[in-house]
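One structure is given below, encoded as structure tokens.
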Amino acid sequence: MKDTEIKRLLSAHIVCVFSIILTTVVPPLFLENFSVLGTHLIWLCICSICVTTVNIILYIILKPNPSSKRISFAHKVTKFLKCCVFFFISCILFHGIIVLYGAPLIESVLETFLFAVLLSTFTTLHCLCMLGPNIQAWIRVFSKNGAMSIWDNSLQITTMCSIVGAWLGAFPIPLDWDRPWQIWPISCSLGATFGYVAGLIIAPLWIYWNRKQLTYKSR
């Protein structure tokens, strides 16, 4: 495993971490009374858009999984449309799962859906950029010993950390603390965000630490 590839991964993750930080620093310069807690729904939209934009730009620049085949423009358009459909389905599925885990069914629908969009941005979008709308590739990456590159390992770690972070963020909600961050879905979305950032930091460090033990099958 070349250290240059790990450095590329690390640089990409650092940019993603800074994009999250910018979503809390830049908006107050343009939006009056903006805060992550006070105007949480606006922050959810800004964060999702910012992370989406950064991930797409990084994918175009770094091309972590380059294809040797020449791809036509029509194929690229079709792939892009499929990715949009996959992302929308992911948002709907996450919304349904969140409701099954106890979120309000009728009340706070917008809040729940925007939280689902954020989760899809941290998980599904990353997979779409790396693997495309290929279900078999997704199953391979998230199966045991299915990673074929350090980018696949990164997907596994960041996705898992984001979902676990969102799950842990739900624990304070029913507690009788009367804190502003206990309002749905603030603690869950913050938990997912912290989990995503933790995954971005942990992934390259874990890969570097285990680089001698990691072996990948040929594609």
Side-chain angles (χ1 to χ4, degrees), residues 1-21 23 47-48 50-59 61-66 83 86-87 90-91 93-94 97-98 101 115-171 187-219:
M1 184 189 302
K2 295 181 179 179
D3 288 345
T4 54
E5 194 69 9
I6 299 178
K7 290 179 181 178
R8 291 176 72 223
L9 177 68
L10 177 62
S11 61
H13 283 203
I14 290 174
V15 172
C16 289
V17 171
F18 273 104
S19 71
I20 296 290
I21 296 173
T23 61
C47 186
S48 298
C50 184
V51 173
T52 298
T53 304
V54 168
N55 270 278
I56 293 174
I57 292 174
L58 286 174
Y59 172 75
I61 294 175
L62 296 177
K63 296 180 180 178
N65 294 319
C83 288
F86 271 54
F87 184 79
S90 171
C91 294
L93 288 176
F94 269 123
I97 293 171
I98 293 167
Y101 268 86
F115 174 46
V117 171
L118 184 75
L119 267 180
S120 296
T121 303
F122 289 158
T123 57
T124 306
L125 176 74
H126 207 174
C127 294
L128 288 171
C129 289
M130 297 291 299
L131 306 173
N134 187 341
I135 295 297
Q136 291 182 344
W138 290 33
I139 295 173
R140 171 186 59 78
V141 168
F142 291 100
S143 61
K144 186 178 180 180
N145 300 322
M148 291 186 176
S149 69
I150 62 173
W151 300 93
D152 291 349
N153 286 127
S154 170
L155 275 181
Q156 295 170 342
I157 295 171
T158 54
T159 300
M160 180 182 65
C161 288
S162 299
I163 294 175
V164 171
W167 178 68
L168 291 175
F171 279 83
S187 63
C188 288
S189 56
L190 291 181
T193 304
F194 286 128
Y196 177 66
V197 171
L200 291 172
I201 297 172
I202 292 170
L205 296 177
W206 183 86
I207 291 169
Y208 181 79
W209 184 265
N210 296 279
R211 65 190 184 283
K212 294 181 179 179
Q213 288 78 29
L214 291 173
T215 56
Y216 299 108
K217 302 175 184 178
S218 58
R219 293 183 182 274

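As the structure is a prediction and not an experimental result, all values here were calculated from the model.
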Do the side chain of S154 and the main chain of I150 share a donor and acceptor less than 3.5 angstrom apart?
no
Side-chain donor/acceptor of T158 to backbone N/O of Y196, under 3.5 Å
no
Separation of R8 CZ from L58 CG (nearest 0.5 Å)
10.5 Å
Side-chain contact test, heavy atoms from C-beta onward, threshold under 4.5 Å: evaluate it for L131 versus R140 and give yes or no.
yes
Sub-4.5 Å side-chain heavy-atom contact between F122 and T193:
yes
Taking the side chain as C-beta and beyond, is there a heavy-atom pair between V51 and C16 under 4.5 Å?
no
Heavy-atom side-chain proximity of Y59 to N55 below 4.5 angstrom:
no
Quick one: are L168 and F194 in side-chain contact, heavy atoms under 4.5 Å?
no
For Y208, look at atom OH and say whether over 12 heavy atoms of other residues, nucleotides or ligands are found less than 6.0 Å away.
no
Nearest 0.5 Å, please: how far is CG in L62 from CD1 in I57?
11.5 Å
Does S90 reach the main-chain N or O of F86 with its side chain, forming a donor-acceptor pair under 3.5 Å?
no
Under a 4.5 Å cut-off applied to non-hydrogen side-chain atoms, are N153 and W206 in contact?
yes
Side chain to side chain, T124 and W138, heavy atoms closer than 4.5 Å
yes
Does the side chain of F142 reach to within under 4.5 Å of the side chain of C127, using non-hydrogen atoms?
yes
